[in-house]
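Computed from a predicted model, the values in this text were never measured in an experiment. Excluded from the calculations below are hydrogen atoms, water molecules and symmetry mates; all remaining heavy atoms, backbone and side chain alike, are included. Numbered from 1 within each chain, the chains take letters A, B, ... in sequence-line order.
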Number of protein chains: 2
Amino acid sequence: MTLAEVARAAGVSASTVSRILNGTANVSAEKREVVERTLTRLNYRPNVLARGLASGRTMSVGVLTQDISSPFYGDTLRGLEQGLARSGYHPVVISGHWRAQEEMEAIDFLVTRRVDGMAVLGGVAPDERLREVAGQVPLVALGRSVPGLEAQCLRLDNHSGAYAATRHLIDLGHRAIAHIAGVPSHRDAQDRLSGYRAALEDAGLPFDPDLVLEGDFLEQSGFLAATRLIEGRRMFTAIFAANDQMAYGARLALYRRGLRVPEDVSLVGFDDLPGSIYTTPPLTTVRQPTYEMGVAAAACVLGLLRGEPPELPPLGVELIVRESTARRRL
Amino acid sequence: MTLAEVARAAGVSASTVSRILNGTANVSAEKREVVERTLTRLNYRPNVLARGLASGRTMSVGVLTQDISSPFYGDTLRGLEQGLARSGYHPVVISGHWRAQEEMEAIDFLVTRRVDGMAVLGGVAPDERLREVAGQVPLVALGRSVPGLEAQCLRLDNHSGAYAATRHLIDLGHRAIAHIAGVPSHRDAQDRLSGYRAALEDAGLPFDPDLVLEGDFLEQSGFLAATRLIEGRRMFTAIFAANDQMAYGARLALYRRGLRVPEDVSLVGFDDLPGSIYTTPPLTTVRQPTYEMGVAAAACVLGLLRGEPPELPPLGVELIVRESTARRRL
DNA sequence: TTGTACGCGTTATCAA
DNA sequence: TTGATAACGCGTACAA
């Protein structure tokens, strides 16, 4: 069922049908009615490819996420979906798995797919490439800041979040607070580590390198780190993990060694993954407004598409105190 | 950078360039070399829209998932991605949120996007529509069986899985085994319930309706169900939840009431979500080979695309015994 | 082996 | 207000 066929069946020209479809110009009421009837009668579906080729717009927004099955960006994707809904634009999502090479390919994929706009969620693709792309289509980046593209980047205050988490432990009387950090090359990991250090410093507590272990943001690394911590010579009464997934791993390590949370060791995570409400005990963590970030990103892209200047609202992080932290005993 | 421009720059016709790009016909070595050089020099990127319009193929496979941020289909998506990698085809994923209306729209989206094949993950869209679509493009369905399309459907043996889970509890000496079921209208939920009943029956244990509570596959409902169970008059020493998420909820309810797992109550889930290794204690559950399902689905679609008959390998479910189940005390 | 000419389904330009 | 007609960028018979 092509547009031309509809036009013939309705006894008008293809242009008229197209105009009705797009509201491009005025059409007499009678013709409009005839056309609309045949449109539904023939169950016409426009060919997006032809449309995109002719108009130069595909009504789609590319979304580069990192791991489609990772809980972390899930809510953000939902927010993006929601923010794009009823705008006429559709998200096209593809994942880069935190590998620069793959991310580049994914970006190429989206570009050749002629997406009208783009949202980049984290990742390690070179800033340079993102700037290039931003020159071609409206782009917004979440979870990373690209020099020269600051207005279109939304990063959260990881430093403050980590500071609040550590401060919370300090307020509970903890003095020996371990930190399971993320990959050192990762900006978020750096900021969270520095927030941790700053909180210690402000409280006049010494920074002990032996209490900081490096992880990779996955559960397994949290498990390993906590295990090493337990077996190590340093005493500690609390752990601040740079993300919830590593906190889960640490939780298991503690369980294995018979250490209770929070009675023996307090535990704090970062991200507030959906699952963190249901861990035993429910995890104290730093919530990132991931859903809202997705909505904001969608709104921003939509605005750019309309020619408006980029606008991303400031979004803060929030400490969520649950039951994995308690006042230090003894 | 269009193909025509490349052709001009290389001093050949557009057809020749096209032929080289697609390996359609023989081209002299010299021309090939010249063209390939200019191709890379000009950094040519084919326009997928034009290509799709002309060839009728978009080299994309539509994937209808239900909730992009749900842990359940995450691994399957990864498997699909992986199975499609290096095949030239790319996945285009969109979610239907278990709402028929939304799913229909999503399917329309994919169809108008002219995907070459389609993979449907669960969902409640009418069988009729799926049969229609299957008539237009190669389609495979996961987690549901569409009458008339059996060969292209991959369902797992939920009954056996539930049977094994329940049997496992019985073997550990449990006699009062509660079941937190899924939504009754859901086929998987029905099968898991029937597997549970069958295991009881085979062991000569009575089926007690008071020990079966209805959930909706989400954590919260598991929490509620377990809470009601605890407050109820019926004694029980084990819970079999129809999926891991509800098991997580139940776990928290038990924790809240001071009931230990597995010392006081044994707990079994279903799905083996990635997080179930790291719950405290690690959850005994029924593993579905979700990743493999994704890979198989991709292979099947690819085969159909090549004109081969549909082929989906039989995949079994497997009981994974971890630490949330133990021999009944007292 | 190579090039020409046409078609894919739609939008955009221009004239009427 | 409407209708030809020309793009859009590529694949592909067909001819050479």
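- Atom-to-atom, CG of Asn26(B) to P of dG3(C) comes out at 15 Å; the value is rounded to the nearest Å.
- Side-chain atoms of Leu64(A) and Ile107(A), non-hydrogen and from C-beta on, do get closer than 4.5 Å to each other.
- Look at Ser28(A) and you'll find a side-chain N or O under 4.0 angstrom from OP1 or OP2 of dT2(D).
- In terms of polar N and O atoms assigned as donor or acceptor, the side chain of Arg19(A) comes within less than 3.5 Å of the base of dG3(D) in a complementary pairing.
- Ring pair His186(A)/Phe217(A) is perpendicular by interplanar angle, where above 60° counts as perpendicular and below 30° as parallel.
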Please list, for nucleotides 6-10 of chain D, all pairs of protein and nucleotide N/O atoms separated by less than 3.5 Å.
unit_1, atom_1, unit_2, atom_2, d
dC8(D), O2, Ala54(A), N, 3.4
dG9(D), N2, Ala50(B), O, 3.4
dC10(D), OP1, Tyr44(B), OH, 2.3
dC10(D), OP1, Asn47(B), N, 3.3
dC10(D), OP2, Leu3(B), N, 2.3

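- Between the base of dT4(C) and the side chain of Ser15(B) there is a donor-acceptor pair shorter than 3.5 Å.
- One can place CD1 of Ile20(B) at 15 Å from C1' of dG11(D), the figure rounded to the nearest angstrom.
- Between Arg8(A) and Glu5(A), none of the side-chain N atoms (NZ, or NE/NH1/NH2) sits under 4.0 Å from a carboxylate O, so this pair counts as no salt bridge.
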**Message:** Quick one, Leu142(A) with Tyr73(A), criterion side chain to side chain contact (heavy atoms under 4.5 Å, CB included). Give me CA distance, side-chain angles, the key distance, then yes/no.
**Reply:** CA-CA 10 Å; Leu142(A) 258 45; Tyr73(A) 286 117; 5.7 Å; no

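- A salt bridge between Arg78(A) and Asp67(B) is absent, with no side-chain N of the basic residue lying under 4.0 Å from a carboxylate O of the acidic one.
- A salt bridge links Asp127(A) to Arg144(A): at least one charged side-chain nitrogen sits closer than 4.0 Å to a carboxylate oxygen.
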